[in-house]
Each structure stands twice: as structure tokens, then as C-alpha cells.
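Letters A, B, ... mirror the listed sequences (proteins, then strands); counts begin at 1.
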2 protein chains.
Amino acid sequence: MKTADPELMRAINRFHVLDTIRRAGSISRVEIGERTQLSATTISAITAALLDDELITPHHEGGLRSDSNGNRGRPRVMLTLNASAARVVGAKIATNRLVFVVTDFQGDILAHLTLPVRVDRLPLPVVADLVEDGVRRCVLDAGLALADIHTVALAVPGVVEHGSGRVRSSPVFRDVDVPLATYIAERLGIATIAESDANAMAMAQHWFGRARDCDDFVLVSMEEGLGLGVMHGGQLFRGARELSLDLGHMMMGVSTVQSERLSDIASERAILDGEHADLRLREAMRVGRGMNHVQRLLAEGDDGFTATASRAGEALGIAIANLVGLFAPPRVILVGSSLALGRSLLDPLQASFERALSAPLREVSQIIIDEAGDELWARGAAAVALSELYGSPWSTTGPALRSTL
Amino acid sequence: MKTADPELMRAINRFHVLDTIRRAGSISRVEIGERTQLSATTISAITAALLDDELITPHHEGGLRSDSNGNRGRPRVMLTLNASAARVVGAKIATNRLVFVVTDFQGDILAHLTLPVRVDRLPLPVVADLVEDGVRRCVLDAGLALADIHTVALAVPGVVEHGSGRVRSSPVFRDVDVPLATYIAERLGIATIAESDANAMAMAQHWFGRARDCDDFVLVSMEEGLGLGVMHGGQLFRGARELSLDLGHMMMGVSTVQSERLSDIASERAILDGEHADLRLREAMRVGRGMNHVQRLLAEGDDGFTATASRAGEALGIAIANLVGLFAPPRVILVGSSLALGRSLLDPLQASFERALSAPLREVSQIIIDEAGDELWARGAAAVALSELYGSPWSTTGPALRSTL
DNA sequence: ACTGATTAGTCCTGATTACAAATTAATTAG
DNA sequence: CTAATTAATTTGTAATCAGGACTAATCAGT
């Protein structure tokens, strides 16, 4: 039970102010007041504290004044995030690649690194070696030392328990219930967060992508696994016990005998591993080039995948419609490598989505396809780390940054 | 965005204190402090205000002292809710009956009334007539006048928008998007709330039933429609736009051609309307006695329903497993008239639930069957009203008797 | 019955954080 | 140069908590 005390109040308002500044890029105190509905007094106090902590910086350049003011009165002082207030590392761990980014306090990328290695059902120490190496190299590339990094955030496919940083199950790990975050934290000597890749991407879409204006949306990631991230009221929705969501586990079908897990129908592996997979494709899959190969085949007019992809799309459309029935989000964002299948996947998806969706929601929920680049995954992980840094009052582990002083 | 101010703080803490007193029945200030983690000072201030508003009453009877104290020291003053602080009416509107209760401030039932009438796809004025009549009669039965009632809460099957009190779609209404709450409020001259029946029952289970100790659970109501209530962190979870959830809309199946809505498989109507429905049954259904008849048939050894019920159970098990995958609740509660089908429904349900549930959750989620009486539905509606009452400002200003000196 | 110990509850001070209202600051208009 | 105008800070009040002093009510022991 959350007890309401002044400290919580302050944490909430501080977060709102910081978040408002981040979203706006550059904003005056009055405008913050308009957007947050906080009193001018409070804005002053909070911004003073943020300035004192050097998390934001003032910009006196008059520049363009607000439209409503006829250039009269005391000019507004614009405030921006101090980009160098902190740096974090975000990493996406996928079965066929590792992607790292170093970002500043705003989430802007300072350096990025992609390691095209296969990480498939490996033991923790092996994965950790690769991750540790990637983090160190990427930090060096950014011209920084490891000590300059405040947090490392790892986006992992599968089911992740955010609070403890344990990975319950994932295609990249051989074992279940892997204590990833603590293990990496010990080896790097940096605070480390583990998060599901879908949640990281949801965060990325909220901060940098197609959902910047939207506090309620559902993100479906279609890669080797099928991930799910739900943003609800501007916060990642986590079930009880902070387990991340996984769409692949969803059972499709009316009865036990004729039902299948969605991951067996619509995951990348399920699609590529269909009866039409030729030898070249199997080899391409082994080295993590499956989707590139498929795109080439599609370009050459090979329609062997159409049936499998169509089936996958239909199932996904139904599953997503069911989700929309539960969360009623105005927006659904699809990302992931399976999008390379193009219309053969997406057309059936859209069609079955619209058929399966119940009437009242049909007009208000909209599907968005986003061919996000590799870096966006890692940047989303970084955003997860930054959002905790900002002092989001709802997170369990919310160590404020003030202790640095 | 909610702005955090002292007023909100006070509202939150006041609610927690009131809720703690309600749950405990009778409790001393120190124990409230232990449970809420609020300071003794704050407890004193808040309880003083509550006493001043006559929402709670002190009980000096020494009686049994706390175990930890060896009967030494100043005895604790027990505090209890003042049952007569307010009365509310809760009503369950089902297709085959209307159930009303009048409860006091604790949620204890003062009077109840069941009208076994058929309410099936009727226009709003017709339903409103029945509801208004029931409310008036039940209030009279309780020895009260309409003016003594603070709020009326209506539990309706289907999709209800809680904020506006509009019923988007429901088997009891012919039309869609019915402004039920405002309509009834005008006719009775009392503040009126509309809520989905599943949410009302979820509230009832949380306050009076099988989830008193549990802040995270999922409730599935199996009646004419299939309703869903999600309690998350002690609060009813409502999707974006405050739409209640509905399980019946869920699409089961991998493809558009071979998929069906869950309501077409597992709703009461779907089960009873199967190929085995005889004439007597159809007649029984028409007057809202379907399930009673089925029970008689089952008692007589008629197993014509077994296949249909089994199919429904299997589908429900899968649907519930998918829900558990999303919300990860430790408990799932099943209620509703379809439980009368007994093991022929529940055994397949349990079996397919356990098969469909993903491994990590298999051990932690438990299904509970609750043959709740009719009154519990209406009492849940009353609880919805009371819970809003507990949080509302009520008294003119913040108490703070300090200023009087 | 008196004294001392023990626990419950209230009151007071000082710190924090919020808001509202008044005040100061910086700039343009005339 | 003065007035007007808008921005931002300073001053006064309510709410929280922490900790201590204080009162209230009861029991244990003499």
C-alpha cells in the first residue's frame, strides 16, 4: 500500500516537470505550468532544484517569443535538459545480433555498435561475455569511460521479471530463471536493469517513435518470439509480480486438441521453418539471415511463403484484436523483423483484425506498422533506464539522482 | 495529468484509513498505523476528522486486549465504521431477474428484493421503470425514505463506460450506447452509477468474498454473457476510456474461417441453445429458468449437454489461461449461473486451463469457483458506490482541528 | 491506597512540499 | 523616462512526517 507523503508528492511532480522538459526539448517555466497544471511557485522550486543538480540548463536567448505575447513583458527563460547530466547504455539482445547504444541524458545516441553474432540458447556466462565486451567497446567508441555510465539496460526477448532483473525464459538462454541483471552488474560494476525487448521498444516508441503523443497503446514485436508491451497511462503495464508480457504463449483455438500456441503459428521461426523452407533458407536462418533471404525470395517472386505468412497474419490479427478488447488502446504498433514478409503477412493480419474486433472499438483503434531500425530497440532500453533515472515515482527501484551531489 | 497536491495526499490517506477500518471491522489507532505505515500524528488527525464527520465511532469497551500487550498500559480505543453514516442501493440487472439491496455504510445488507422478471433487449424507459420501482420498494422495505439514499449503483451485463454511466452494449437493452446512469439519476433524483456486473462482482469478492486478502485477481462471470473484471493493485482495472471488459468478444481460433467468438461457444445461451435443447428447455429459457432446468436434467442423468458443456469449458479454460498470461493474477474467481452445469463444464475448463497456461505461471495461479448468491451481485454494486463514497471529499474542508485553538 | 511501569493517544516544534497572493524583475510601448 | 505587461521569485497557509514532551488510563507490586 502506497503511503502518500510529501516525498512522493515531490517525486511525482519532479518527474512530471522533467518529463515535460524532455518532451518539449526547450520550454519556459510558464509553459511547463500550463502543461502540468502545477503552480508557478512549484515550477520555480522544482526547476531551481533541477538547475542546482545540473540536470537542466537555462537558455536566455530570446529567439522566437511565444505567439500569444506580443513580444511584451519579461522574456521567458527557456530550459532544456542537460544532455551530459548522465549517460546510459542500452542493449538489445536478439538471437542473431547484439545491438548497443550509449545515450546521453536526453536519450540521444552518442555511439552505437552492432555485433552480428548468434546468441541462441547459450549459458549465462557466454552471453554475459558478449554483452560485457559490447558494452565496453561501445562506451569506448563514445569517448567515455565505464565510470561515466550510470546504468546499463538490457532488452531481452522472452519473459523478464523487471524488479529482480531475472529472465524467466528466453530464446537466448539455455536455462530458465537466469539472474541476468545482477550477474552483469557485478561484472561491469554498474547498476543494470533487465527488461523485455517489447517493453523496451514500447518505451522507445513512446519517447522517440510513433507514440510520442499517446499515453495508451499496445506494442507487438514480431521477431523470433512474439513480444507484447502495453503502455497504460504513460506507464508500462506490468502484471502482478512485474512479469513482462509475452504474446507467444497465447493459445489460439477453441479446444485443447485443435489449439496451438501463437508462437507456433506466427513467430519468425514458425514461419521460416514451414514446409517451404529450402536448404539455402535453413542455412541463412542458422546464421541469422533468415528474413533477408526471405525478402530476396519475395523479390524474386517466390510465393512459397504466402500460405504460411497468411496463416500467421490471420492468427496475429485475431490475437491483437483480443488484446484491444482488453486494453482498449487507441493505437497498436507492430514492429520486428517479421515485417519483412510484407503484405503477405500484413494484409491478412489487418483483415482478420478488423473482422475480429468488436464493434464499439472498430473505429477507434488503429494499427501502425513501424519498420524500426536496430538502434531503436537499444535506445528503448536506454529510455527504460533514463525513465527510472528521472525518478518515476511508481517504479519499485527508483533511486534518485540527487545522491550524486 | 494528475497533479499531486496536499489535498490529494489527504484524500489518499483518508481513504486508506477508512478502508483499513472497514476491513478490520474494529481497530485501534496504533494498529491502523501499523497497517498503513502512516505516522501516529496523521492517524490522529484523520481519525479526529472522521469522528467529527461521524463516519466512524469509538468503542471504549476494553474487551480482549491485544495479545502482544500483557494487558498493561492505556487500553486502546477501538474504532468502527458508523454504519448509519450513509446508505446506498445496489442493483444487479440480469436478463432474467432484477436484484436490489440497500446497504449501510459498511456494506451490510439492510433489505433485499428480487424481481424475477425478464429484461431482454428492452428500451431504456421500460428497464428504467422496473429499476425505479425496485429501488423504491427496496428502500421502503429497509424502513428508509429515498432521501436517505446517497447513491444508487447499477450492475449491468455487457460493456459499460463507468465514467459517463453509459451502457455501450448489453443483452438487457435493445439499443446501444444507452445513457443509463443519467436517466435513472433524473428519475430518482439520486446520484447514480453504472458499472459492469463483472466489475461489481469483482468488488464484492474483494470486499466480502473470496478475495478479501488479495489485491490482484481476475473475475470471470459466466452468465448470459461472459464478463470480466480485473482487480489490479486493489483497484478495478479499466482500459483506456474506462470501458469495462468483456470476455465474450474474445475470438477463439487461428483463422477467420475457423474462429468463433467465445460468447458463441461458452455463454449460457450458447450452451442451452445447443442441438440438445428440447422444447421444455426452450420454454424454461424464455422465462429465465434455463439453468434450473438444466440442473434437473443433470440430476436425472441426462448427459445431452455433456458435449456442449465440455466444449464450452475447454474454450473458457483457454481464454482464462490467456488472461492469466497477461495479468499474472494469483487468483482467478469464477462466478455466474453457468456454474450450475457442474463438473461437465468445470472439469474440462480446469484441464484445458492447466494445459494452456504457460509454465512459469502454472503453480502460482489458482482457480476458485464461487457459487455466489444473487445478493452478492447487488452488494458488489453497492460496494462500488461505497468505495467512491470513501474517497469523496464528504466534509466541507479538511479537518485539522488544530486551527480551532 | 499509593507508587511506578507501561502503553495509547495528543500536542508541539521543525523540516518538507504543495498552493495562492503579493512582490520583484525584465522587457517593450508610448 | 514612465507605464504597462509578462516572467519568475518571495511570502504566508495547509498538509505530511519525525521526534519529543505530555496527558490518559490501566496493571503490578508494596
Side-chain angles (χ1 to χ4, degrees), chain A residues 2-17 27-34 36-52 58-63 65-79 391 393 400 402, chain B residues 2-14 16-17 27-34 36-52 58-79 393 395-405:
Chain A
K2 291 167 197 166
T3 160
D5 53 11
E7 204 177 332
L8 175 68
M9 215 160 71
R10 178 178 158 287
I12 292 173
N13 289 334
R14 187 183 149 115
F15 175 78
H16 278 162
V17 168
I27 190 172
S28 66
R29 290 179 178 81
V30 272
E31 281 180 283
I32 297 173
E34 286 164 11
T36 60
Q37 297 297 332
L38 290 165
S39 75
T41 313
T42 308
I43 310 284
S44 260
I46 291 175
T47 52
L50 295 174
L51 284 165
D52 199 49
H59 289 278
H60 279 272
E61 7 274 344
R65 297 285 288 284
S66 175
D67 306 327
S68 58
N69 315 340
N71 257 21
R72 298 155 68 98
R74 177 176 177 174
R76 301 174 172 187
V77 178
M78 305 308 273
L79 304 170
R402 305 175 63 202
Chain B
K2 291 169 197 166
T3 159
D5 54 12
E7 203 177 330
L8 175 68
M9 209 159 76
R10 155 147 280 247
I12 292 173
N13 289 336
R14 191 182 147 112
H16 277 159
V17 169
I27 189 172
S28 66
R29 291 179 178 82
V30 270
E31 282 179 283
I32 297 173
E34 286 164 11
T36 61
Q37 297 296 336
L38 291 166
S39 75
T41 312
T42 308
I43 309 281
S44 260
I46 291 175
T47 52
L50 295 175
L51 284 166
D52 198 51
H59 289 276
H60 282 273
E61 7 272 345
L64 48 98
R65 298 285 290 283
S66 173
D67 306 328
S68 58
N69 315 340
N71 255 22
R72 304 162 65 100
R74 175 178 177 175
R76 303 175 171 185
V77 177
M78 306 309 273
L79 304 171
S395 89
T396 55
T397 67
L401 300 180
R402 303 165 61 192
S403 57
T404 57
L405 182 59

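Every residue meeting the side-chain hydrogen bond (donor to acceptor under 3.5 Å, both in side chains) condition with A:Ser28, not counting sequence neighbours, appears here in chain and number order: A:Glu31. Residues passing the side-chain hydrogen bond (donor to acceptor under 3.5 Å, both in side chains) test with B:Thr41: none are found, sequence neighbours excluded.
Note: CZ (B:Arg76) to P (D:dC27) measures 15 Å, nearest angstrom. Atom-to-atom, CG of A:Leu51 to C1' of D:dT9 comes out at 13 Å; the value is rounded to the nearest Å. Per the geometry, CG belonging to B:Leu79 stands 9 Å off P belonging to C:dT10, to the nearest Å. Between A:Glu34 atom CD and D:dT6 atom P the separation is 12 Å, expressed in whole Å. Distance CZ (A:Arg14) to P (C:dA18): 11 Å, rounded to an integer number of Å. Here the P atom of nucleotide C:dA15 and the CE atom of A:Met9 are 18 Å apart, to the nearest Å. Across the protein-nucleic acid pair, B:Ile43 atom CD1 and D:dA18 atom P stand 11 Å apart, rounded to whole Å. Taking atom NE2 on A:His16 and atom P on C:dA18, their separation rounds to 12 Å, with Å as the unit.
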Between protein and nucleotides 20-25 of chain D, what N or O pairs are separated by less than 3.5 Å?
| unit_1 | atom_1 | unit_2 | atom_2 | d |
| --- | --- | --- | --- | --- |
| D:dA25 | N3 | B:Arg74 | N | 3.3 |

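Contact of the A:Ile32 side chain with the A:His16 side chain is not registered, since no non-hydrogen atoms from C-beta on lie closer than 4.5 Å. Counting heavy atoms from C-beta on, the side chains of A:Leu50 and A:Arg14 come closer than 4.5 Å. Residues B:Thr36 and B:Asn13 fail the side-chain proximity criterion, which asks for heavy atoms closer than 4.5 Å.
Heavy-atom minimum distance, A:Pro6 versus B:Met9: N-SD, 3.7 Å. Across B:Leu79 and B:Arg29, no two heavy atoms sit closer than the pair CD1-CG, 3.8 Å.
Applying the 4.0 Å criterion to OP1 and OP2 of C:dA18, one finds that A:Asn13 has a side-chain N or O inside that range. Residue A:Arg29 places at least one side-chain N or O under 4.0 Å from the OP1 or OP2 atom of D:dA8. Side-chain nitrogen and oxygen atoms of B:Arg10 include at least one within less than 4.0 Å of the OP1 or OP2 phosphate oxygen of D:dT16.
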